[in-house]
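Take a look at the structure set out below.
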Amino acid sequence: QVQLVESGGGSVQPGGSLSLSCAASGRTFTDYAMGWFRQTPGKEREFVAAISQRSTNRRYADSVKGRFTISRDNAKNIVSLQMNSLKPDDTAVYYCAAGGAWLGDHMKSLVNYAYWGQGTQVTVSS
């Protein structure tokens, strides 16, 4: 099992940048593929990005490709999401999630994640 704590959320103007971090507990961090999801009121939680255990594979939602970058530092048990060129549609609560084995495109589905952080608010507005 793993505990996840997100940080780095806040308010930013369109076109700005923000970096989110997810700190994981335990010594089994490298067993988990990791992902970022986001959710706004009235909408289902949607996939943002995922990264495999050794950073060999990554996936991004079409809406964030070229703007967001997911990375991980297994020595520090941290997963990050660098968000550039932010748009108002990026406004959401962002959640860090821990899955199991890397399943390629199936990591876009939230059912493949067993553990979730508490979420951090990102607001993009002028």
Who pairs with [X] by side-chain hydrogen bond (donor to acceptor under 3.5 Å, both in side chains), at least two apart in sequence or on another chain?
X: N74; answer: R72
X: T123; answer: Q121
X: S7; answer: none
X: R67; answer: D90

Are any non-hydrogen side-chain atoms of I70 and V79 less than 4.5 angstrom apart? yes

Using side-chain heavy atoms (C-beta onward) and a distance below 4.5 Å, is T30 in contact with R54? yes

Which residue pairs satisfy the disulfide bond (SG atoms under 2.5 Å apart) criterion with at least one member in residues 80-126, sequence neighbours excluded? C22-C96

Which residue pairs satisfy the disulfide bond (SG atoms under 2.5 Å apart) criterion with at least one member in residues 29-70, sequence neighbours excluded? none

Would you please test R45 and R38 for side chain to side chain contact (heavy atoms under 4.5 Å, CB included) and show each step? CA-CA 6 Å; R45 192 167 299 185; R38 65 188 183 187; over 6 Å; no

How would you list, by chain and number, every residue that makes a side chain to side chain contact (heavy atoms under 4.5 Å, CB included) with Q118, sequence neighbours excluded? V5, E6

Listed by chain and number, what are the side chain to side chain contact (heavy atoms under 4.5 Å, CB included) partners of A24, not counting sequence neighbours? V2, L4, F29, N77

How long is the span from the [atom1] atom in [X] to the [atom2] atom in [Y], to the nearest 0.5 Å?
X: S80; Y: I51; atom1: OG; atom2: CD1; answer: 9.0 Å
X: M83; Y: W36; atom1: CE; atom2: CH2; answer: 8.0 Å
X: T69; Y: L81; atom1: OG1; atom2: CG; answer: 8.0 Å

Check residues 11-21 and write down every donor-acceptor pair under 3.5 Å in which the side-chain atom is one partner and the other belongs to a residue at least two apart or another chain.
| from | atom 1 | to | atom 2 | distance (Å) |
| --- | --- | --- | --- | --- |
| S17 | OG | N84 | OD1 | 2.9 |

Please check if atom CZ in R58 has more than 12 non-hydrogen atoms from other residues, nucleotides or ligands closer than 6.0 Å. yes

Check residues 98-108 and write down every donor-acceptor pair under 3.5 Å in which the side-chain atom is one partner and the other belongs to a residue at least two apart or another chain.
| from | atom 1 | to | atom 2 | distance (Å) |
| --- | --- | --- | --- | --- |
| D105 | OD1 | R59 | NE | 2.7 |

Could you tell me which non-hydrogen atom of [X] sits nearest to which non-hydrogen atom of [Y], and how far apart they are?
X: S52; Y: T56; result: OG-N, 3.1 Å
X: V48; Y: V64; result: O-CG2, 3.5 Å
X: Y60; Y: F68; result: CE2-O, 3.3 Å

Hey, any chance Y95 and L110 share a hydrophobic cluster, counting ILVMFWY side chains that come within less than 4.5 Å of each other, even indirectly? yes

The ring pair (Phe, Tyr, Trp, His ring centres under 6.0 Å) partners of F37 (sequence neighbours excluded) come to F47, Y113, W116

Anything under 30° is parallel, anything over 60° is perpendicular, the rest tilted; go ahead and classify Y115 against Y32. perpendicular

Return the set of residues passing salt bridge (Lys or Arg N to Asp or Glu O under 4.0 Å) with K43 (not counting sequence neighbours), or none when no residue passes. none

